[in-house]
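Data block below; observations after.
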Amino acid sequence: MLAGCTPWPEAVAARYRADGYWRGETLSAFLRERAQRFAERTAVVAGDTRWSYAELDARADRLATGLATMGIRAGDRVVLQLPNIAEVFEVVFALYRLGALPVFALPAHRYSEISYLCSFTEATALIIADRHAGFDYRAMAADIVAADSGAAPRVIVVGDPGEFADSADSAGFVALEQVRADEADPAVLAAPDPGDVAFLQLSGGTTGLPKLIPRTHDDYLYSVRASADICALSPETVYLGTLPIVHNFPMSSPGFLGVFHTGGRVVLAPDPSPETCLRLIETEGVTVSAVVPPVALLWLDAVAGGAQAHRDLSSLRLLQVGGAKFSEEAARRVEPTLGCSLQQVFGMAEGLVNYTRLDDSPETVVTTQGRPISAADEVRVVDDHDRPVPMGQAGHLLTRGPYTIRGYYNVPEHNATAFTADGFYRTGDIVRRTPDGYLVVEGRAKDQINRGGEKVAAEEIENHILAHPAVHDAAVVAMPDAFLGERICAYVIPRGQAPERAELLGFLRRRGLAAYKIPDRVEFAERFPATGVGKVSKRDLRTAVAAELARAAGR
Ligand code: J2J
């Protein structure tokens, strides 16, 4: 197994194999097999691009050949940061063909996150788009390469490398177009061990630096097959990808891999807006899609008497909503408004995914976040001392199973507290279990803000704020928000004269932080409320800002 990763105990792994959860398939072989079976069926639709399974497979081979010529080898880490374009699939499967490991970054990430991912994983390459949504990724990549004192990653650009292009006297950026070989060379293809790590997924994070999640071919493909089955995907499935497509939810729950598993079609939406997505549902005959709660709210409002009321959404069978708590009131509106079934999805890139089932009662679907995928998923709901709480009471959710990791990549000290001694992952979520085994998310114990599905580690933002010369101390907490569920409030103790709010936020932006991590509100304070043991009481800060918001709203 990749160095720095924690394997399942041998006896447990043997059981998962014997029980048929782990089948010895790799992600590379997965696409090959589906390409043979579904050859000319359409696999991918993105803008004007339409690729059949055979075409995607052939492209992956040719790109793998080109990447090998560039020197990318089995076991190499490659940071991938692309918007929802067809090339995502080509690149991902080309890397699997080589046995190289994609490190999945989000399009919203900026210098701070991407430079960290490149250096922490010792990436040999960084694959970016030229521009997207008004941002030039090439300039960011140039800064990363310039700042790297060691072996900087090679930069591959989907689109135009522009002024950074490779030239006779400097190894600059190369266009994906030029990397792709004219003919595939089967000699470059690797046959990785299905039990080994296939890629690194980014965790929502609770500490100063993001953690990386190593997922194996075997464990991931089990979750994909089981998810496709639970969601009744078929060759007739047309899946609309609205979230950044390499996020764990649209990748595996059941996501694009679930669709490829069954021979269906993936339509990529360039953005999640109702204008874009409801049009695509109508024109492409979409049958299933996956969204975060704020996007579901926008779609509901656009259809219920809004600008998209005229859309024919009759093809849509299922809307999956997850990534953050979906309010019961909103959940009740889905079926009558959109004319499709709702499925709540409570998952995590570390593993465990819960779904409400297609044949569940409407009450279960609107009031719970579903139940685990697998009979082999072990779930414990415990108090602060790891003792089980009585059924129906809220407690910390711990879990282990055939697709839940046993450790983050290369952080042994953190793993010692993020997992129990017997291998349960401490999710940081507070849940209640119903007698029939469904989970209701009641809150969160981890120091994280869930901003409409986008996870923000408070400590990461605090560290950035603390870098400002006029800041003495900082505490970042969630504040309630009707649309996003939560937004970010930063409490700051100034050092002498308080900085201007706008100046502080500009400082954070210039440090190259993803926009969704920039605090929505800044409050200055002289001191922070303390807990009994003298730590900052974030609970008191959350209560204070919530009260202030309610007062300002005149409630
Ligand atoms: C409340 N909180 C939720 C829900 C996730 C499928 C779906 C989502 C993710 C995901 C995923 C929630 N209600 N319905 O990977 O495969 C919060 C919890 C959880 C954290 C994980 C998938 N659905 N959450 O959101 O790794 O706090 O995965 O621990 O981004 O999101 O975040 P992430």
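Index from 1, following the sequence. Counting starts at 1 for both ligands and their atoms, in listed order. Fair warning: this is a prediction, and the values are worked out from it, not measured in the lab.
- Among protein heavy atoms, atom 10 (C) of ligand 1 sits closest to Gly347 O, 3.3 Å.
- Annotation: atom 33 (P) of ligand 1 to nearest protein heavy atom, Lys455 NZ, 3.6 Å.
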Walk me through whether Arg357 and Ile230 qualify under side chain to side chain contact (heavy atoms under 4.5 Å, CB included).
CA-CA 7 Å; Arg357 301 305 202 257; Ile230 288 170; 3.6 Å; yes
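- Checked by atom type, the side-chain pair His396/Asp384 shows a donor-acceptor distance below 3.5 Å.
- Contact atoms of ligand 1 toward Ser253: 6 (C), 16 (O), 22 (C) (distance under 4.0 Å to a heavy atom of the residue).
- Here Ala324 has backbone heavy atoms under 4.0 Å from ligand 1, and that is the only part of it that gets that close.
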Apply side chain to side chain contact (heavy atoms under 4.5 Å, CB included) to the pair Phe120 and Val103, showing each step before the final yes or no.
-> CA-CA 11 Å; Phe120 187 70; Val103 180; over 6 Å; no
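- Close approach to Val441 involves these atoms of ligand 1, each under 4.0 Å from a residue heavy atom: 1 (C), 13 (N).
- For the residue pair Asp218 / Tyr16, no side-chain donor-acceptor distance below 3.5 Å is found, with atom types taken as modelled.
- In this structure, Gly401 and Trp8 approach most closely via the heavy-atom pair O-NE1, 3.2 Å.
- Taking a 6.0 Å sphere around CD of Glu328, one finds it holds more than 12 heavy atoms contributed by other residues, nucleotides or ligands.
- Those atoms of ligand 1 with a heavy atom of Lys325 less than 4.0 angstrom away are 1 (C), 2 (N), 13 (N).
- For the residue pair Asp219 and Thr216, a side-chain donor N or O sits within less than 3.5 Å of a side-chain acceptor on the partner.
- Taking only nitrogen or oxygen atoms, main chain and side chain alike, Val353 does not reach within less than 3.5 Å of ligand 1.
- Distance from atom 23 (N) of ligand 1 to its nearest protein heavy atom, with residue and atom name: Gly323 N, 3.1 Å.
- The part of Asp429 lying near ligand 1 is the side chain, judged by heavy-atom distances below 4.0 Å.
- Between the side chains of Tyr403 and Ser252, not a single donor N or O lies within less than 3.5 Å of an accepting N or O.
- Summary of contacts: the protein heavy atom closest to atom 26 (O) of ligand 1 is Ala349 N, 3.0 Å.
- Ligand 1 is never approached by Gln320 to a heavy-atom distance shorter than 4.0 Å.
- Geometric assessment of Arg110 against the ring of Phe135 yields a positive cation-pi assignment under the 6.0 Å and 45° thresholds.
- Counting protein heavy atoms only, atom 14 (N) of ligand 1 is closest to Val345 O, 2.8 Å.
- Note: Tyr516 and His109 have tilted aromatic rings, judged against thresholds of 30 and 60 degrees for the angle between ring planes.
- When only interatomic distances are considered, the shortest N/O to N/O separation between Gly322 and ligand 1 does not fall below 3.5 Å.
- Only the side chain of Lys446 comes within contact range of ligand 1, with a heavy atom under 4.0 Å; no backbone atom does.
- Geometrically, ligand 1 and Glu350 share no nitrogen or oxygen pair separated by less than 3.5 Å.
- Taking any N or O of Gln344, backbone or side chain, none lies under 3.5 Å from an N or O belonging to ligand 1.
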